[in-house]
Every structure is written in C-alpha cells, then in structure tokens.
Amino acid sequence: MLKPTLLVLALSALSAAALAADFNPFIDIPFKKIKTSAERIESHGYPAETHEVVTEDGYVLNMFRIPYSPKLANGNAQRPAVLIQHGLFSCSDCFLLNGPDNALAYNYADAGYDVWLGNARGNIYSRNNTRLSTSHPYFWAFSWHEIGAYDLPAMIDHILATTGERAVHYVGHSQGCTTFFVMGAFRPEYNAKIKTAHMLAPPIFMGNTTTPMVVSLADYVGSPGLGAELLQNQVFLPMNPLIQRILDTACSNDPYFLSYCQTLAMLWADGVGNLNVTLLPQVAETHPAGISTNQGIHFIQSYVSNEFRRYDWGPTKNKAAYGTQVPPSYDITKITSQLHLYVGLADESANVKDVARLPALLPNMKELYQIPDETWGHLDFIFARQVKEVINDKVIASSKAYDQLHGN
C-alpha cells in the first residue's frame with residue numbers, strides 16, 4: 001500500500017496548494033504555457049494537423065497528424081499510414097516527448113509514413129461529447145471496452161477516408177494494446193483494415209501483474225461490490241491546469257523538485273530504470289491526462305479474474321447487459337491482423353508470463369519479441385533513453401517490410 005498511499009498524499013498536497021492559491025489575489029507564479037501535440041510537432045519543424053472524429057456513441061476525439069517529413073519532401077506522394085495509440089493516464093504527447101531524433105512519431109514520419117496520433121475518450125484532448133457534459137456521470141460511464149469498440153474504429157475509418165489508404169499500420173502501448181485486442185475480437189471486421197499491429201507491453205491477461213496499485217486495490221474494487229460502485233463512472237485524476245503548471249514548472253526549475261518528480265515517476269511506473277529523466281518536466285505538463293475510473297477498475301478485474309473479458313457489473317447487471325451472470329470473455333482467436341508482441345522482463349504491468357499465454361490463441365502472430373535488457377520496464381517502451389534503437393527501429397522495419405512485400 002505504500003506507493004498508492006504516497007501518491008494519494010502527494011496529489012492531496014498539491015490539491016491543497018491549489019485551493020490555497022485560489023484565495024490569494026496577489027499570486028504571481030510564472031507558469032510555463034502548456035503546448036498541444038500540434039504545437040510540439042510544429043516546434044520541431046514538422047507539419048501538424050488536428051482532426052476531430054465523432055464516435056457512433058457521440059464522443060468527440062482529437063487526433064493529431066504528421067502528414068509527411070520535411071526531411072523527405074514527400075508531401076505530394078501517397079504514403080502508408082500508421083495510427084499510434086497511447087496507454088492509460090496518457091495522451092498523444094507521449095509519442096512526441098523524446099524529440100525528433102528518438103520519438104516514435106517522428107521516426108515513422110522520417111521513414112516516409114503518414115503519422116496519426118490517437119487520443120482516447122476522456123483524456124485532455126478528447127473530453128467532449130455531442131450529447132453529454134463532462135460533469136454528467138454518464139459521460140464517464142466507459143471502460144477500455146468502449147475505446148476498443150468505438151474509438152479505435154472511428155479513428156481508423158477517418159484515417160482511411162482522409163488518406164485513401166485501404167489499411168493502416170497500428171502501434172499501441174499498454175492500454176493501446178488492450179483496446180486493439182478488444183477491437184480485433186469484438187469488431188473483427190476491422191482486422192482487414194490493419195496491415196501490421198505492434199503491441200508494446202500488452203496487458204491482456206494480468207494474473208501475474210505485480211503493479212502495486214493494482215495488487216493493493218484488488219480486494220476493494222477487483223470484484224463487484226460497494227467499493228467498485230462508489231468509484232465507478234467518474235473521472236479519475238482529473239486534469240487540473242493549476243496543479244499541472246505547479247508540477248511541470250517546479251520540475252524544470254529546481255534540482256530539488258526534479259528529484260521529487262523522479263519520485264512521482266517511480267510511483268506511476270516500475271521505477272526510473274531506463275527512463276530518460278530529462279523528459280519528466282515535459283511529461284508532467286500533460287500527465288496524468290485523465291481517465292474514467294472504470295478503466296482502472298476493469299484492469300484490476302482482469303488481475304483478479306486472470307481472464308480477458310468484459311466489464312463485470314455484478315450478476316444482475318451482467319445478465320441485463322450480456323445475457324449471462326458472468327461477463328463474457330473476448331474471443332481473441334478472431335484477431336487475424338498480423339501481430340507483433342513486445343515484452344519487457346522488468347514490466348510489472350504486462351508480465352512476461354501473462355504475455356506468454358497469447359501466442360497459442362492468435363492465428364496470425366508474427367513474432368513475440370522479448371527485450372534482451374533484463375531491466376526493461378513498462379514505460380521504457382516510450383520514454384527510455386535508448387528507445388529508438390531497441391523499439392522504434394524494429395517496429396518501423398517490420399512495417400516497411402510489410403509494405404515492400406505487399407506494395408504501397
């Protein structure tokens with residue numbers, strides 16, 4: 001319980017500071033201006049576009065696009081498209097923060113790809129609905145099932161309609177893998193719209209997860225009951241602009257606070273490990289990006305059940321929603337996309353033992369790549385110092401091999 005307790009105390013302290021600040025009419029803190037993903041892209045000389053996509057259940061998603069690389073002058077050429085999807089608590093910024101030399105989005109653009117960065121419902125870029133206000137609990141009545149069932153299909157269809165491509169490459173990190181598995185199993189017609197799918201640290205089965213926050217909360221919200229009912233259908237760790245500005249401004253201006261931010265990174269992930277800690281001030285600008293509590297509860301349910309299945313509302317509600325008292329499992333044998341799985345030995349969330357269950361169930365798995373570095377953790381897949389050499393180059397090479405073989 002130590003890590004979750006420390007995290008709650010840290011956030012409570014920041015909230016108290018924010019409330020106190022609200023009552024000080026003379027406060028004058030030189031906060032840094034927050035940048036959007038588009039502004040981050042343009043600051044490095046790359047073209048950027050912002051696209052709004054509306055899902056069939058009314059959520060308005062913001063996508064960011066790098067249509068081409070200024071290094072290649074290929075803006076008028078037909079380019080293969082790739083959709084890159086973030087994990088839990090994150091947003092499109094995470095694939096940009098390592099900069100133009102090492103971040104996956106820029107690496108793909110420089111390899112000749114039309115790059116699209118997705119944002120799941122509920123995060124800072126996708127917090128709108130055509131019918132519901134964010135203050136209404138129904139707005140937050142979703143888990144990662146809805147992201148896979150509605151958000152990813154809507155984004156893929158928008159990319160194909162915009163580019164004229166017949167299919168896209170897909171890269172997901174953490175929850176971005178979970179939601180892809182949901183889509184492939186629940187909406188199997190979308191497998192035909194995927195060229196290659198790269199799963200970075202996929203938390204599908206989670207029985208061996210050792211993430212402290214998941215394990216410590218399992219007894220309280222991992223099964224239907226009062227704990228889950230009190231927490232579900234609401235925003236978790238809302239994006240508070242004042243708190244975020246305190247975090248990232250403090251992190252970047254004082255070595256003492258940088259150490260504090262490293263501690264927060266340890267609480268959030270497996271530890272600092274291979275992380276490029278110089279990125280922490282930028283990460284703090286927009287992270288945590290906001291989720292529904294149901295997403296976290298759903299992951300904890302996966303740990304308790306050791307199955308990959310729909311959200312568990314309890315026998316009565318399950319019967320009404322699914323026709324059975326137990327939530328149905330996703331049939332991942334329906335996922336026919338060409339899958340590439342990547343796993344780290346030090347990953348507490350996507351444990352290597354859990355990932356090892358997947359190959360026997362996937363009809364078109366191309367490879368299961370185990371990172372040779374025994375210290376490779378969950379966030380290393382996007383924020384490690386050596387992420388380009390270990391992950392990005394391999395992912396892009398597989399995408400290019402597919403395109404060369406099948407033509408694009």
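Counting from 1, the numbers follow the sequence of the chain as shown. Both backbone and side-chain heavy atoms feed into the values below; hydrogens, waters and symmetry mates do not. All values reported here derive from a predicted model rather than from experimental measurement.
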- Message: If we ignore hydrogens and angles and just use 3.5 Å, is the side chain of Gln78 paired with the main-chain N or O of Thr163 as donor and acceptor?
- Response: yes
- Is a side-chain donor-acceptor pair under 3.5 Å present for Asn351 with Thr210? no
- Query: Any luck finding a side-chain donor-acceptor pair between Tyr303 and Asn208 under 3.5 Å?
  - Reply: no
- Message: Go through it in stages, so that I can follow the logic: the residues are Tyr342 and Val355, the test is side-chain contact (heavy atoms from CB on, under 4.5 Å), and I'd like the CA-CA distance, side-chain angles, deciding distance and then a yes or no.
- Response: CA-CA 9 Å; Tyr342 305 77; Val355 177; over 6 Å; no
- Task: Return the minimal non-hydrogen interatomic distance between Ser69 and Ala109, and the atom names on each side.
- Result: CB-O, 3.2 Å
- NE2 of His340 to OH of Tyr369, rounded to nearest 0.5 Å, is 13.5 Å
- Query: Does a donor on one side chain and an acceptor on the other come within less than 3.5 Å for Asn102 and Asn107?
  - Reply: no
- Query: Under the 3.5 angstrom rule, does the side chain of Asn119 hit a backbone N or O of Ser92 as a donor-acceptor pair?
  - Reply: yes
- Query: Any side-chain heavy atom of Ile371 within less than 4.5 Å of one from Ile391?
  - Reply: yes
- Test log, rule side-chain contact (heavy atoms from CB on, under 4.5 Å), inputs Leu117 and Phe95: CA-CA 8 Å; Leu117 298 167; Phe95 291 106; 4.1 Å; yes
- Any donor-acceptor N or O pair under 3.5 Å, side chains Asn62, Ser126: no
- Message: Could you tell me if the side chain of Asn233 sits less than 4.5 Å from the side chain of Tyr138, heavy atoms only?
- Response: no
- Query: Taking the side chain as C-beta and beyond, is there a heavy-atom pair between Asp312 and Asn318 under 4.5 Å?
  - Reply: yes
- Note on the structure: In terms of heavy-atom contacts, Ile159 and Ala81 come closest through CG2-CB, 3.8 Å
- Task: For Gln295 and Ser292, indicate whether the former's side chain and the latter's backbone hold a donor-acceptor pair under 3.5 Å.
- Result: yes
- Task: Taking all heavy atoms of Val115 and all of Ala105, pick out the closest pair and write down the distance.
- Result: CG2-O, 3.6 Å
- Aromatic ring pairing Phe308/Phe181, orientation class (parallel under 30°, perpendicular over 60°, tilted between): perpendicular
- Query: Distance from Cys94 atom SG to Ile84 atom CD1, nearest 0.5 Å?
  - Reply: 9.0 Å
- If you measure from CG on Leu83 to CZ on Arg65, what distance do you get to the nearest 0.5 Å? 12.5 Å
- Task: Locate the shortest heavy-atom distance separating Pro70 from Pro47; write the atom from each residue and the value.
- Result: CD-CD, 4.0 Å
- How far does CG of Asp331 sit from NZ of Lys334, to the nearest 0.5 angstrom? 5.0 Å
- Message: Any side-chain to backbone donor/acceptor pair from Thr50 onto Phe64? Under 3.5 Å, distance only.
- Response: no
- Above 12 or not: heavy atoms from other molecules or residues under 6.0 Å from NZ of Lys353? no
- Message: Can you pull out every ring pair (Phe, Tyr, Trp, His ring centres under 6.0 Å) where at least one residue sits in residues 384-408? Sequence neighbours excluded, please.
- Response: His169-Tyr402, Tyr402-His406
- Query: Between the side chains of Tyr113 and Asn74, does any donor sit under 3.5 Å from an acceptor?
  - Reply: no
- Under a 4.0 Å N-O cut-off, is there an ion pair linking Glu56 with Arg187? yes
- Are the side chains of Val326 and Arg309 in touch, meaning some heavy atoms are under 4.5 Å apart? yes
- Message: Checking the side chain of Ser399 only, and the main-chain atoms of Val395 only, is there a donor and an acceptor separated by less than 3.5 Å?
- Response: yes
- Query: Any chance the side chains of His44 and Glu42 put a donor and an acceptor closer than 3.5 Å?
  - Reply: no
- Message: Whether the side chain of Asp114 engages the backbone of Arg79 through a donor-acceptor N/O pair (distance < 3.5 Å, no angle test) should be reported.
- Response: no
- Task: Using a 4.5 Å cut-off on heavy atoms from C-beta on, say whether the side chain of Arg166 contacts that of Lys193.
- Result: no
- Message: Under a plain distance cut-off of 3.5 Å, with no hydrogens placed, do His378 and Ser174 share a side-chain donor-acceptor pair?
- Response: yes
- Is the count of non-hydrogen atoms from other residues, nucleotides or ligands lying under 6.0 Å from Glu189 atom CD greater than 12? yes
- Roughly how far, to the nearest 0.5 Å, is the CD1 atom of Ile396 from the CG atom of Leu104? 5.5 Å
- Message: Donor-acceptor check, side chain of Asn294 to backbone of Ser143, threshold 3.5 angstrom: yes or no?
- Response: no
- Can you list the steps and then say if Asp393 with Lys388 is a salt bridge (Lys or Arg N to Asp or Glu O under 4.0 Å)? CA-CA 6 Å; Asp393 289 348; Lys388 180 181 185 297; 3.0 Å; yes
- Message: Using the rule given for ring-ring contact (aromatic ring centres under 6.0 Å, His included), can you reason through His145 versus Tyr311, listing the C-alpha separation, both sets of side-chain angles and the distance that settles it, and then say yes or no?
- Response: CA-CA 8 Å; His145 170 80; Tyr311 192 96; 9.9 Å; no
- Item | Within-4.5 Å side-chain heavy-atom neighbours: Trp116 and Val168 | no
- Note on the structure: In terms of heavy-atom contacts, Leu341 and Leu362 come closest through CD1-CD1, 4.2 Å
- Should Glu165 and Lys195 count as an ion pair when the cut-off is N to O under 4.0 Å? yes
- Within 45° of the six-membered ring axis of Phe205 and under 6.0 Å from that ring's centre, is NZ or CZ of Arg357 located there? yes
- Would you call the rings of Phe381 and Trp376 parallel, tilted or perpendicular if under 30° counts as parallel and over 60° as perpendicular? perpendicular
- Message: Regarding Ser133 and Ser135, do their side chains bring together a donor and an acceptor under 3.5 Å, going by distance alone?
- Response: yes
- Task: Start with the C-alpha distance between Ile332 and Leu358, add both sets of side-chain angles, then the distance that settles side-chain contact (heavy atoms from CB on, under 4.5 Å), and finish with yes or no.
- Result: CA-CA 9 Å; Ile332 64 176; Leu358 296 173; 3.9 Å; yes
- Task: Taking atom types as modelled, find out whether Tyr125 and Asp93 have a side-chain donor-acceptor pair closer than 3.5 angstrom.
- Result: yes
- Check whether the side chains of His158 and His51 place a donor and an acceptor atom closer than 3.5 Å, and report yes or no. yes
- How close do Gly314 and Pro224 get, heavy atom to heavy atom, and via which atoms? N-CG, 3.5 Å
- Message: Quick one about Asp110 and Tyr46 (side-chain donor to acceptor, distance below 3.5 Å, no hydrogens or angles considered), yes or no?
- Response: yes
- Decide whether Thr196 and His198 meet the rule of one side-chain donor and one side-chain acceptor closer than 3.5 Å. yes
- Message: Under a 3.5 Å cutoff, is there a donor and acceptor pairing between the side chains of Thr336 and Asn364?
- Response: no
- Pi-cation contact, Phe142 with Arg121 (under 6.0 Å, within 45°): yes
- Query: What distance separates Leu61 CG from Asn123 CG, expressed to the nearest 0.5 Å?
  - Reply: 9.0 Å
- Query: Is there a side-chain contact between Thr130 and Tyr59, using heavy atoms and a 4.5 Å cut-off?
  - Reply: no
- Flag side-chain contact, heavy atom, 4.5 Å: Leu231 against Phe236: no
- Message: Determine whether a donor-acceptor pair (N or O, by modelled atom type, separation under 3.5 Å) exists between the side chain of Asp151 and the backbone of Ala120.
- Response: no
- Item | Test: Lys394 and Glu367 ion pair at under 4.0 Å | yes
- Is there a donor-acceptor pair closer than 3.5 Å between any side-chain N or O of Thr209 and the backbone N or O of Thr211? no
